[in-house]
J.: 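Could you have a look at this structure, given as structure tokens, before my questions?
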Number of protein chains: 2
Amino acid sequence: MSIKPLPRRRLRYRTKKYRSPDGLPTDICIFTITSKARYTKTKSLPTKQLSVLLIKRISTTFGEQWALPGGFSKESETLDECAYRELKEETNIDRNVHIEQLGTYYKPGRDPRGWIPSVAYVSLVHEDLLAHAKADDDASEARLFSVEEAFELQLAFDHREILTDALARIREKMLQTNIAKAFLPDEFTLSELLQVIETVVPAFKVSDRGNFERRLLSTTRRQGILEPVLAADGTPLYSTEYSNSPAKLYRFTDYMPVAMIY
Amino acid sequence: MSIKPLPRRRLRYRTKKYRSPDGLPTDICIFTITSKARYTKTKSLPTKQLSVLLIKRISTTFGEQWALPGGFSKESETLDECAYRELKEETNIDRNVHIEQLGTYYKPGRDPRGWIPSVAYVSLVHEDLLAHAKADDDASEARLFSVEEAFELQLAFDHREILTDALARIREKMLQTNIAKAFLPDEFTLSELLQVIETVVPAFKVSDRGNFERRLLSTTRRQGILEPVLAADGTPLYSTEYSNSPAKLYRFTDYMPVAMIY
DNA sequence: GAAATAGTGTCTCTTAGACAGTATGAG
DNA sequence: CTCATACTGTCTAAGAGACACTATTTC
């Protein structure tokens, strides 16, 4: 969506004792992990990349610019509802995906149109759900950029700062919570999980995949984060999607240990 | 501070196409840990309690009510600056204390005066800094409540929800970061640190203080969170404030490991 | 000696991580 | 036989946590 011009009342109130913000938009960092098949000699895991959805914005002052999708919230909706609405407008996604408030941004002059803070949100969506992003809606263009690409752009407003914070937030939570599930199918292999973690947090390095597996499945503190997917007869289910050697399928449970430094 | 009545323009704009919020206040959960000496036969650690600062608010609709301190932000200031300003107005604190944005709250009807979201902040301050809280300022009353007491009150607006989230936030961060330092003097003993953690997170139970010490000081991943305070000649400094047996003094360094579940 | 804290020693079991090895099945 | 993945076995060092013990100083 394009941001609509504001009514003219701003000037009229400039000299008044009480002024109120000229609007409270939400902007949303929609992250996804894009996959690309690798065309190797045998079945293999695709390469993955953390990407963010940006829209092209035509600004009278700045010309063409990429920006986070967003729009003004209404009195009749909560901020979360507004973020969901934006998400749906941009991506057509209409189900429960991971969405969380990142923070509210304002400093004098952040928006040349007036006193306009922004409530930033972060959403993590599975690649498949973005299949028909933005086929409809208005003329503005939307595109996925890898986060590296996104940081090379000149983003509108303070969206670079928001994106930086958003990235820091999901990196932190990727290691401390099970938000990895947002980027995975319901049932996944351990290699897929590991790949998602490594894609979001490049600093997370596991020297030996086998040790990762053992740690995750047989350490008492972590026991129960994952459970194997079982067939009706109680035998575990396997996938051969990414390898000839069948890989056991897992899913996240509701249990999550508390990470702590002490 | 008492929340000022809003100008009358709200009604005038109700029928306009675009409406904007009627203000964007910040509300701030100011937490502290209060100590009470224990009058035992020998020196002992005081009992500690997690407390939050509330102010008495006279509402025309609800009568007397306790609420989080807060006030409207201005176009000329950032939200953080507004929160700091509120903190200073309530507590006279004018130095760098821990302050962080918690989130922005809005749902239709949360404030009977109009479309008023609130940007909630959390601040952690050392008890000593609250010594002359609220000696000045306007007539409204301010008081520290233990968090248990606070939850027994009928708080204004959605302040109970904010307080719940704030508490969850600081409990989480108490275990995952070194925010404990906000409640400690620069130099402290391990018992004091442990007590702060236990006060904020009652679920954090250490069966053996000696094991806590060993873990914190000699586990490689945690090596360097704390450093002993040394005298000029390189010998460690001790405190006998809370025990006859001298306790080594430590301080936090800048190093903090990343807590993770994988 | 009792009280309240601050430590150390030691033992057992668990965990981390390195390294090597086997298995799978398509090309 | 190779490739790319999925494991399992084993060894060592480090860590967690239980329990018992000593130390310090004042009352």
Side-chain angles (χ1 to χ4, degrees), chain A residues 35-48 187-196 198 204-226 228-229 236-250 257-262, chain B residues 35 37-48 187-195 198 204-226 228-229 236-250 257-262:
Chain A
S35 306
K36 229 162 49 195
R38 266 174 60 219
Y39 305 114
T40 46
K41 304 209 176 181
T42 64
K43 285 183 192 171
S44 62
L45 292 161
T47 57
K48 301 208 170 182
E187 305 173 353
F188 51 85
T189 66
L190 290 181
S191 292
E192 285 180 279
L193 169 58
L194 180 54
Q195 221 194 353
V196 163
E198 287 178 341
F204 182 85
K205 271 293 163 229
V206 167
S207 52
D208 182 324
R209 217 220 61 143
N211 287 337
F212 173 72
E213 172 167 357
R214 211 164 355 207
R215 221 164 56 204
L216 201 42
L217 298 176
S218 67
T219 302
T220 51
R221 220 184 82 249
R222 290 181 266 246
Q223 279 273 13
I225 295 181
L226 301 183
V229 181
L237 251 53
Y238 292 83
S239 158
T240 53
E241 190 175 358
Y242 300 119
S243 85
N244 294 316
S245 187
K248 213 178 270 186
L249 286 168
Y250 293 90
V258 182
M260 53 171 109
I261 65 169
Y262 294 111
Chain B
S35 305
R38 266 174 59 219
Y39 305 114
T40 46
K41 304 209 176 183
T42 63
K43 285 181 191 173
S44 62
L45 292 161
T47 56
K48 301 207 170 182
E187 305 173 354
F188 51 87
T189 66
L190 290 181
S191 292
E192 286 179 279
L193 170 58
L194 180 54
Q195 221 194 354
E198 287 178 342
F204 181 85
K205 271 293 163 227
V206 167
S207 53
D208 181 325
R209 216 218 64 138
N211 287 337
F212 173 72
E213 174 167 355
R214 214 170 347 215
R215 220 163 59 204
L216 201 42
L217 298 176
S218 66
T219 303
T220 52
R221 220 184 82 249
R222 289 181 267 247
Q223 279 273 11
I225 296 181
L226 301 182
V229 181
L237 248 54
Y238 292 83
S239 158
T240 53
E241 191 175 358
Y242 300 119
S243 85
N244 294 317
S245 186
K248 214 178 270 187
L249 286 168
Y250 292 90
V258 182
M260 52 172 110
I261 66 169
Y262 293 110

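The figures here come from the full heavy-atom set of this structure, side chains too, leaving out hydrogens, waters and symmetry mates. Reminder, nothing fancy here: chain letters follow the sequence lines and each chain counts from 1. Just so you know, these numbers come straight off a predicted model, no measurement behind them.
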J.: Nearest heavy atom decides the nucleotide; on that basis, is A:Asn244 or A:Asn211 closer to the 5' end of DNA chain C?
T.: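 On the 5' side of the pair lies A:Asn211.
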J.: Think B:Arg215 has a side-chain N or O under 4.0 angstrom from the OP1 or OP2 of D:dG17?
T.: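 Result: yes.
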J.: Looking at side-chain heavy atoms only, is the closest gap between A:Leu193 and A:Phe212 below 4.5 Å?
T.: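 Side-chain contact under 4.5 Å: yes.
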J.: When you measure from the side chain of A:Thr220, which nucleotide among C:dA26, C:dT15, D:dA4 comes out closest?
T.: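 Nearest to the side chain of A:Thr220 among the choices is C:dT15.
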J.: Contact between B:Ser35 and B:Lys48 at the side-chain level, heavy atoms closer than 4.5 Å - yes or no?
T.: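 The answer is yes; the side chains approach within 4.5 Å.
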J.: Between B:Ser207 and D:dA18, is there a contact of a side-chain N or O with OP1 or OP2 at under 4.0 Å?
T.: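 Indeed, a polar side-chain atom of B:Ser207 lies that close.
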J.: When the distance from CG of B:Leu190 to P of C:dT5 is rounded to whole Å, what number comes out?
T.: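 Rounded to the whole Å, the gap is 14 Å.
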J.: Output the distance between atom CD (A:Glu213) and atom NZ (A:Lys248), rounded to the nearest 0.5 Å.
T.: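 Taking CD in A:Glu213 and NZ in A:Lys248, the distance rounds to 8.0 Å.
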J.: Is any side-chain heavy atom of A:Leu190 closer than 4.5 Å to one of A:Tyr250?
T.: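 In contact.
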J.: Starting at CG of A:Leu217 and ending at P of C:dA16, how long is that distance when rounded to a whole Å?
T.: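 Taking atom P of C:dA16 as the reference, CG of A:Leu217 is at 12 Å.
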J.: Report yes if at least one side-chain N or O of A:Arg38 is closer than 4.0 Å to OP1 or OP2 of D:dT5; otherwise report no.
T.: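 A:Arg38 to D:dT5 OP1/OP2: side-chain N or O found under 4.0 Å.
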J.: Atom OH of A:Tyr262 and atom C1' of D:dG17: how far apart are they, to the nearest Å?
T.: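 It works out to 20 Å between those atoms.
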J.: Measure from the side-chain heavy atoms of A:Asp208 and tell me the nearest of D:dG15, C:dA18, D:dC19.
T.: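 Given the options D:dG15, C:dA18, D:dC19, the side chain of A:Asp208 is closest to C:dA18.
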J.: Taking only side-chain nitrogens and oxygens of A:Thr240, does any of them come within less than 4.0 Å of OP1 or OP2 of C:dG25?
T.: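 So the side-chain polar atoms of A:Thr240 never come under 4.0 Å of the phosphate oxygens OP1 or OP2 of C:dG25.
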J.: Using the side-chain heavy atoms of B:Thr40, tell me which of these nucleotides is nearest: C:dT15, D:dT10, C:dA4.
T.: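 My answer, after comparing the listed nucleotides, is C:dA4.
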J.: Nearest of D:dT5, C:dA16, C:dG7 to any side-chain atom of B:Arg209?
T.: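 Comparing D:dT5, C:dA16, C:dG7 against the side chain of B:Arg209, the answer is C:dG7.
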J.: Figure out the CG/C1' separation between A:Leu194 and D:dT5, and round it to whole Å.
T.: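 Distance, rounded to whole Å: 13 Å.
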J.: Can you see if the side chain of B:Arg214 gets near the phosphate of D:dG17 - specifically, an N or O under 4.0 Å from OP1 or OP2?
T.: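 Checking D:dG17 against B:Arg214, no side-chain N or O comes under 4.0 Å of OP1 or OP2.
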J.: The side chain of A:Ser243 lies closest to which of these nucleotides: C:dT24, C:dC19, D:dT5?
T.: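 Side chain of A:Ser243 sits closest to D:dT5.
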J.: In terms of side-chain heavy atoms of A:Thr42, which of D:dT25, C:dG17, D:dA4 is nearest?
T.: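 Shortest atom-to-atom distance from the side chain points to D:dA4.
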J.: Could you go through B:Glu241 and B:Lys43, starting from their C-alpha distance and side-chain angles, then the distance that decides it, and tell me whether this counts as side-chain contact (heavy atoms from CB on, under 4.5 Å)?
T.: CA-CA 8 Å; B:Glu241 191 175 358; B:Lys43 285 181 191 173; over 6 Å; no
J.: What is the separation between atom CD on A:Gln195 and atom P on D:dT5, rounded to the nearest whole Å?
T.: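 Distance check: A:Gln195 CD to D:dT5 P gives 8 Å.
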J.: Applying side-chain contact (heavy atoms from CB on, under 4.5 Å) to A:Leu249 and A:Thr189, what does each step give before you reach the verdict?
T.: CA-CA 5 Å; A:Leu249 286 168; A:Thr189 66; 3.9 Å; yes
J.: Among C:dA4, D:dC7, C:dA16, find the nucleotide with the atom closest to the side chain of A:Arg222.
T.: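 Closest of the options to the side chain of A:Arg222: C:dA16.
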J.: Let me know the distance between CZ of A:Phe212 and P of C:dA18, rounded to the nearest Å.
T.: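 So the CZ-P distance, A:Phe212 to C:dA18, works out to 15 Å.
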J.: Give the rounded distance in Å between these two atoms: CG of A:Leu193 and C1' of D:dT5.
T.: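 The distance from CG of A:Leu193 to C1' of D:dT5 comes to 16 Å, rounded to the nearest Å.
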J.: Nearest nucleotide by nearest heavy atom, which residue falls closer to the 5' end of DNA chain D, B:Lys41 or A:Tyr242?
T.: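 Per heavy-atom nearest nucleotide, the more 5' residue is A:Tyr242.
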J.: Whole Å only: how far is the NZ atom of A:Lys205 from the P atom of C:dG17?
T.: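 Computing the A:Lys205:NZ to C:dG17:P distance gives 15 Å.
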